K.L.:
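The structure that follows is given in the form of structure tokens.
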Amino acid sequence: MEIKKVVVIGSGTMGSGIAAQLCNANIPVTLLDLKTEISELARDRIFKSRPPLLIDKSKIKNIDVGNINDDFNVVKNADWIVEAVVEKIDIKHEIYQKIFKSRKPGAIVSSNTSSIPIKILSEKLTNDEKKDFCITHFFNPVRYMGLLEIVKNENNDLNKINSLKIFCERELGKGAIICNDTPGFLGNRVGVYSMQVAMTEAFKMKLSIEEADAVFGRPMGIPKTGVFGLYDLIGIDLMADVLKSFIKELPENDKFQIVAKEIPLITKLIQTGYTGRKGKGGFYRMNKSNNQKILEAINLETSEYSPSKKIDLKIDKVNLKNLINRKDKYGEYAWSVISKIIKYASSLVPSITKKFNDIDEAMRLGFNWTMGPFEMLKEIGVKNFFEKIDSFENNKFLENLYKTKDENFYGERQIYTNIETLGKIKPKAIKIDKNNSAEIF
Ligand code: NAI
């Protein structure tokens, strides 16, 4: 199955990002949206995006735009049709009806949904249509985030799914992980849980947001936006919707429920337009005083803003053992957060995934962590971990590991970690030439 032409339906954040990445790979793509939205504007947004979604402005020639009323017939020529419209099931169902009526036989149809199970997405499809339908869950921004989660349904033509996986890896440069049809798949299930733990523990331990971000950041091998900075970047309102969906979809006894509860301060921020960087500000905000821009941080107890304080933990390299053994509130916070993440991630094995290192891959590729939870466990050391941990009942993975005490439990790492990344190679390489869009080493 060769993918030579693609149609993306929905030209918002994700549709534009996916279309731009196809342009980057020189795959002709048509982006469709409602007549009122005019994807023409999306083309312009892609062209001007910052950070740039295109690797070179000339790649824009690979995109065509149109609307679903007048231009839907382009679907007839596509080998892959990606749906990236709003997260509303009725709208998605209606679009699938239209697509399957028009697509050429055998063309792949996929959804970029982040929260609707494939069982529900595909409930109105015939068995034959289901063969070619799956979820392709890209991460935002599509060009920069390495993870693609693919979710199959029970009727899929597996050869086709496999060729889509290979296409997305080779042509679009993604690390594609096949996931089961469970809420949040792997990346968001563990990633959002981790953010919630980092946040709720900061409230509990009375850390300032700068302190929490200083620990749940570079010292843990996590991007420096930490948790509160990341919340502002994603959008505090969007995060609230994501949590509502997890609360609804996950069983009551899932540990996620404990950290997903509504927090009054967050409700207040959303109600007053403090939805993050896209709004008036969020946990952090830029304030102007005497014509000077000042970064301010919110106080979690009083909800008042004051100039943000730089926290220096005097850590220049990730060293989890040192971090969790620090005899201060930062060490205590780090252990509390890391141990909960390891416990939660391992509780999902084998029920959510049999391959525990898929969770690590997802965290590295989807959240830019340098280590996933199981690599953190390996780094801390099995013996050390069990000496410090309080309980791990009903956690098969940890129960087994406790018995074997196998420090080498990790075994082979998976493919994407073995790729030499630019960051690893650059310090050793010699620069030969450069222009405004590229450097040759
Ligand atoms: P968005 O709100 O930025 O864009 C949605 C687009 O769909 C809009 O341009 C809208 O005009 C269009 N649309 C609505 N009804 C339509 C119809 N009947 N026909 C054609 N176009 C229609 O939404 P976003 O964020 O791009 O999300 C799209 C999908 O991707 C959702 O399923 C979402 O859950 C998922 N997703 C979002 C991520 C994010 O970070 N924003 C990350 C991963 C997945």
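The basis for the numbers below is simple: all heavy atoms, side chains too, and nothing from hydrogens, waters or symmetry mates. One-based numbering, in listed order, for ligands and for the atoms of each. Everything numeric here is computed off the predicted structure, so don't read it as measured data.
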K.L.:
Could you check whether any side-chain N or O of Glu83 sits under 3.5 Å from a backbone N or O of Val109, counting only pairs where one atom can act as donor and the other as acceptor?
P.N.:
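Looks like no, no N/O pair under 3.5 Å.
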K.L.:
Which heavy atom of the protein is the closest neighbour of atom 19 (N) of ligand 1, given with residue, atom name and distance?
P.N.:
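Heavy-atom neighbour on the protein nearest atom 19 (N) of ligand 1: Ile68 CD1, 3.3 Å.
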K.L.:
Which ligand 1 atoms does Thr113 reach within 4.0 Å, using its non-hydrogen atoms?
P.N.:
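Within the 4.0 Å cut-off of Thr113, ligand 1 contributes 32 (O).
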K.L.:
Any carboxylate oxygen within less than 4.0 angstrom of a Lys/Arg side-chain nitrogen, looking at Asp79 and Lys104?
P.N.:
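A salt bridge links Asp79 with Lys104.
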K.L.:
So, is the end of the Arg285 side chain (NZ or CZ) under 6.0 Å from the ring centre of Tyr305 and within 45° of the ring's axis?
P.N.:
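Verdict for Tyr305: a cation-pi partner in Arg285.
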K.L.:
With heavy-atom distances below 4.0 Å as the criterion, list the atoms of ligand 1 near Val86.
P.N.:
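Those atoms are 5 (C), 7 (O), 14 (C).
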K.L.:
For ligand 1, which atoms sit closer than 4.0 Å to a heavy atom of Phe138?
P.N.:
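Near Phe138, meaning under 4.0 Å from one of its heavy atoms, ligand 1 has 43 (C).
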K.L.:
Check the pair Glu211 / Tyr330 against side-chain hydrogen bond (donor to acceptor under 3.5 Å, both in side chains), numbers first and verdict last.
P.N.:
CA-CA 8 Å; Glu211 287 175 323; Tyr330 305 125; 2.9 Å; yes
K.L.:
On a heavy-atom basis, I'd like to know which of Leu121, Leu31, Asn112, Leu238 is closest to atom 35 (C) of ligand 1.
P.N.:
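Selected option, by shortest heavy-atom distance: Asn112.
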K.L.:
Counting only heavy atoms not in Lys160, do more than 12 fall under 6.0 Å of its NZ?
P.N.:
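Enclosed: over 12 neighbouring heavy atoms sit under 6.0 Å from NZ of Lys160.
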K.L.:
Surrounding CD of Glu94 (heavy atoms of other residues, nucleotides or ligands, distance under 6.0 Å), is the total greater than 12?
P.N.:
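For Glu94, atom CD is not crowded (no more than 12 foreign heavy atoms under 6.0 Å).
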K.L.:
State if Phe139 counts as touching ligand 1 under the rule of any non-hydrogen atom under 4.0 Å.
P.N.:
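No; Phe139 lies far enough from ligand 1 that no heavy-atom distance drops under 4.0 Å.
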K.L.:
Below 4.0 Å from any atom of ligand 1, is there a heavy atom belonging to Lys92?
P.N.:
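Yes; Lys92 lies near enough to ligand 1 that a heavy-atom distance drops under 4.0 Å.
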K.L.:
At a 4.0 Å threshold, what atoms of ligand 1 neighbour a non-hydrogen atom of Ser114?
P.N.:
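In order of numbering, the contacting atoms are 33 (C), 34 (O), 35 (C), 36 (N), 44 (C).
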K.L.:
Just wondering, more than 12 heavy atoms not from Lys119 lying within 6.0 Å of its NZ?
P.N.:
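At most 12 heavy atoms, drawn from other residues, nucleotides or ligands, come within 6.0 Å of this atom.
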K.L.:
Which residue holds the protein heavy atom closest to atom 41 (N) of ligand 1, what is that atom called, and what is the gap in Å?
P.N.:
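Of every protein heavy atom, Met14 CG, 4.0 Å lies nearest to atom 41 (N) of ligand 1.
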K.L.:
Run the numbers for me: atoms of ligand 1, each under 4.0 Å from some heavy atom of Glu87, listed by number.
P.N.:
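Checking each atom against Glu87, I get 31 (C), 32 (O), 33 (C), 34 (O).
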K.L.:
What protein heavy atom is closest to atom 4 (O) of ligand 1, reported as residue, atom name and distance in Å?
P.N.:
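The closest heavy atom on the protein side is Gly12 CA, 3.3 Å.
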K.L.:
Ile91 heavy atoms, cut-off 4.0 Å: which ligand 1 atoms fall inside?
P.N.:
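Listed by number with element: 15 (N), 18 (N).
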K.L.:
Check each of Ile9, Leu34, Asp33 against atom 11 (O) of ligand 1 and report the one with the nearest heavy atom.
P.N.:
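Shortest heavy-atom distance from atom 11 (O) of ligand 1: Asp33.
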K.L.:
May I ask you to list the atoms of ligand 1 that are less than 4.0 angstrom from any heavy atom of Ile95?
P.N.:
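In order of numbering, the contacting atoms are 17 (C), 18 (N), 19 (N).
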K.L.:
Quick one: does ligand 1 sit under 4.0 Å from the side chain of Val85, the backbone, both or neither, non-hydrogen atoms only?
P.N.:
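Answer for Val85: both.
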K.L.:
Near Asn140, which atoms of ligand 1 are under 4.0 Å from a heavy atom of that residue?
P.N.:
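Counting atoms of ligand 1 from 1, those under 4.0 Å from Asn140 are 40 (O).
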K.L.:
Look at atom NZ of Lys396 and say whether more than 12 heavy atoms of other residues, nucleotides or ligands are closer to it than 6.0 Å.
P.N.:
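No - once you tally the heavy atoms of other residues, nucleotides and ligands closer than 6.0 Å, there are 12 at most.
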K.L.:
Would you call Glu375 and Lys378 a salt bridge, taking side-chain N to carboxylate O under 4.0 Å as the test?
P.N.:
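Salt bridge between Glu375 and Lys378, a charged N being under 4.0 Å from a carboxylate O: no.
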K.L.:
Please list all pairs meeting side-chain hydrogen bond (donor to acceptor under 3.5 Å, both in side chains) that have one or both residues in residues 1-17, counting only residues at least two apart or in different chains.
P.N.:
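Qualifying pairs, neighbours excluded: Ser11-Asp33.
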K.L.:
Checking Ser58 now: which residues fulfil side chain to side chain donor-acceptor pair (under 3.5 Å) with it, not counting sequence neighbours?
P.N.:
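With sequence neighbours excluded, Ser58 shows a side chain to side chain donor-acceptor pair (under 3.5 Å) to Asp56, given in chain and number order.
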K.L.:
Any protein heavy atom under 4.0 Å from atom 23 (O) of ligand 1?
P.N.:
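When distances to the protein are checked, atom 23 (O) of ligand 1 has no heavy atom within 4.0 Å.
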K.L.:
Have a look at ligand 1 and work out which part of Glu94, if any, has a heavy atom under 4.0 Å from it: side chain, backbone, both or neither.
P.N.:
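Under 4.0 Å from ligand 1, Glu94 contributes no heavy atoms.
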